[in-house]
Protein chains: 2
Amino acid sequence: MTELEGYIHHSFGIPHNEVDEIIRFFQPLKLRKGDYYLKAGHRSDRLGFVQSGILREFLDADNKEITKWISTKGYFAVDLHSFLFEQPARWHIQALTDCELWVISGHDYKRIQQVIPEWQRLETLFIGKCFAALEDRIVSHLALSAEERFQLLHSQRPELFNLVPLHYIASMLGITPETLSRLRRKQVS
Amino acid sequence: MTELEGYIHHSFGIPHNEVDEIIRFFQPLKLRKGDYYLKAGHRSDRLGFVQSGILREFLDADNKEITKWISTKGYFAVDLHSFLFEQPARWHIQALTDCELWVISGHDYKRIQQVIPEWQRLETLFIGKCFAALEDRIVSHLALSAEERFQLLHSQRPELFNLVPLHYIASMLGITPETLSRLRRKQVS
DNA sequence: GCGCGGTCTTGATAAAAATCAAGAAATCAA
DNA sequence: TTGATTTCTTGATTTTTATCAAGACCGCGC
């Protein structure tokens, strides 16, 4: 069973036979380390699900890069705003390692809705889940210090700190690489 | 035409006759200043749309209140996670002034889907729009200083600063009331 | 192996923001 | 109206975080 099947089955309690039907709309895609899955400003018409590897979502602000999110196995790779509203992408998505994705085109995405009644509900729940996760993240910025946000991320995704350059993680936390370095040292001792 | 009709019509380009059908599922609700529309920990099974008045979404963290959002005319009043996943609410929603809402129950919400085919797409676009707005807000915390976030909010919702206690706005920006006060003085001079 | 670019750490310093404390101003209720 | 409460501002100080600068480390290609 692929990550994608597991995700749909477990997250939403969709039975295996329906999951199979949904899965068929997705195509496998391999990326090499450094490849761009998406470039800001371009129209994107596909939604990807990460089977393996690591991707970084980032944007250029002023003269610095802001890493908005790092996606690993089980996350989606998409600029949802671009995908849903057929607008140019607002950020880049680049492979930090070789990656395997499951990808669906906007066209096929619309076809799912006709073939699988369950999909409508699934779609709402999927976005709703992402929405709630973002709400939590907002709250973490309103309620927590840099150190607390670091602790939280470290407890939620400990593996990340061994997999990607730390300055990307720092940016994702909204702190500088130097501060992250000091927080790490503090934590060890 | 109510705010809600205008919202649905303009945001999603739904024709007026279909808007009328959707509107019928909503019931008017009046709140008095200080009333709770939603209490954290309770099950909520309704989605509200603000016709008039001001509501504050907040939660208790440690010993302090975190104001997550302030909703005025044209915003929704709902804990989406609670509404979609039938979970206890994660925050409070309280009326800061007398309010008029348009409210739909979870039950009627599901009925819309049967009556109006267009609704499915509308729902996805609605949540997608909220999602994108939250993404922007995350980025504002990663890329901007307290002063820049203040400037941004002040340019986006200038009226807010005359309508609600400033310490709620400070909390929503992730800063202290004292800092907000100083940023305001700085801006004037 | 060697050099090189990128990464990470560390220290010194500066800037930003929080905290603590006090008082003024506004609001609200009796 | 008056007193109490909340809100807002201001100043002094501390804490947190960023910035600047330097050097160590590490992996990779030649």
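What you see is a predicted model, and the numbers here were worked out from it, not measured in a lab. Letters A, B, ... are given to chains in the order of the sequence lines, protein chains preceding strands, and every chain is numbered from 1.
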Out of [options], which has the shortest distance to the side chain of [X]?
| X | options | result |
| --- | --- | --- |
| A:S145 | D:dT17, C:dT10, C:dA18 | D:dT17 |
| B:P165 | C:dT7, D:dT7, D:dG11 | D:dT7 |
| B:Y168 | D:dT7, D:dA12, D:dT19 | D:dT7 |
| B:R182 | D:dT10, C:dT9, C:dT7 | D:dT10 |

Starting at [atom1] of [X] and ending at [atom2] of [N], how long is that distance when rounded to a whole Å?
| X | N | atom1 | atom2 | answer |
| --- | --- | --- | --- | --- |
| B:Q187 | D:dT9 | CD | C1' | 16 Å |
| B:H141 | C:dA17 | NE2 | C1' | 14 Å |
| B:L166 | C:dA26 | CG | P | 13 Å |
| B:L180 | C:dA18 | CG | C1' | 14 Å |
| B:L183 | C:dA18 | CG | P | 9 Å |

Next on the checklist: Using a 3.5 Å distance criterion without hydrogens, assess whether the side chain of A:H92 forms a donor-acceptor pair with backbone atoms of A:A40.
Outcome noted: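 Yes: the side chain of A:H92 pairs with the backbone of A:A40.
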Checklist entry - Using 4.0 Å as the upper bound for N to carboxylate O, is an ion pair formed by B:R121 and B:E18? => result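 Salt bridge: no.
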Next on the checklist: Under a 4.0 Å threshold between the charged nitrogen and the carboxylate oxygen, would B:R56 count as salt-bridged to B:E65?
Outcome noted: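 A salt bridge links B:E65 with B:R56.
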Next on the checklist: Within the 4.0 Å heavy-atom criterion, would you say B:I175 contacts the bases, only the backbone, or no part of the nucleic acid?
Outcome noted: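 The answer is sugar-phosphate, as B:I175 gets under 4.0 Å only of primed atoms, P, OP1 or OP2.
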Next on the checklist: Pick the closest DNA chain C nucleotide for B:K33 and for B:L144 by heavy atoms, then say which residue is nearer the 5' end.
Outcome noted: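 So the residue in question is B:L144.
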Checklist entry - Judged by modelled atom types alone, do A:T2 and A:E5 share a side-chain donor-acceptor pair under 3.5 Å? => result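 Short answer, yes.
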Do any side-chain nitrogens or oxygens of [X] fall under 4.0 Å of OP1 or OP2 in [N]?
| X | N | result |
| --- | --- | --- |
| B:T176 | C:dA18 | yes |
| B:R185 | D:dG11 | yes |
| B:S181 | D:dC8 | no |

Checklist entry - Taking the six-membered ring for Trp, are A:F76 and A:F126 parallel (under 30°), tilted (30 to 60°) or perpendicular (over 60°)? => result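 Aromatic pair A:F76/A:F126 classed tilted.
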Next on the checklist: Given the structure, check if the side chain of A:E178 and the base of C:dC8 hold any donor-acceptor pair shorter than 3.5 Å.
Outcome noted: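 Checked by distance alone, the answer is no.
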Item to check | C:dC28 pairs with, by Watson-Crick or G-U criteria that keep both distances under 3.5 Å | outcome: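 D:dG3 - that is the nucleotide pairing with C:dC28, both distances being under 3.5 Å.
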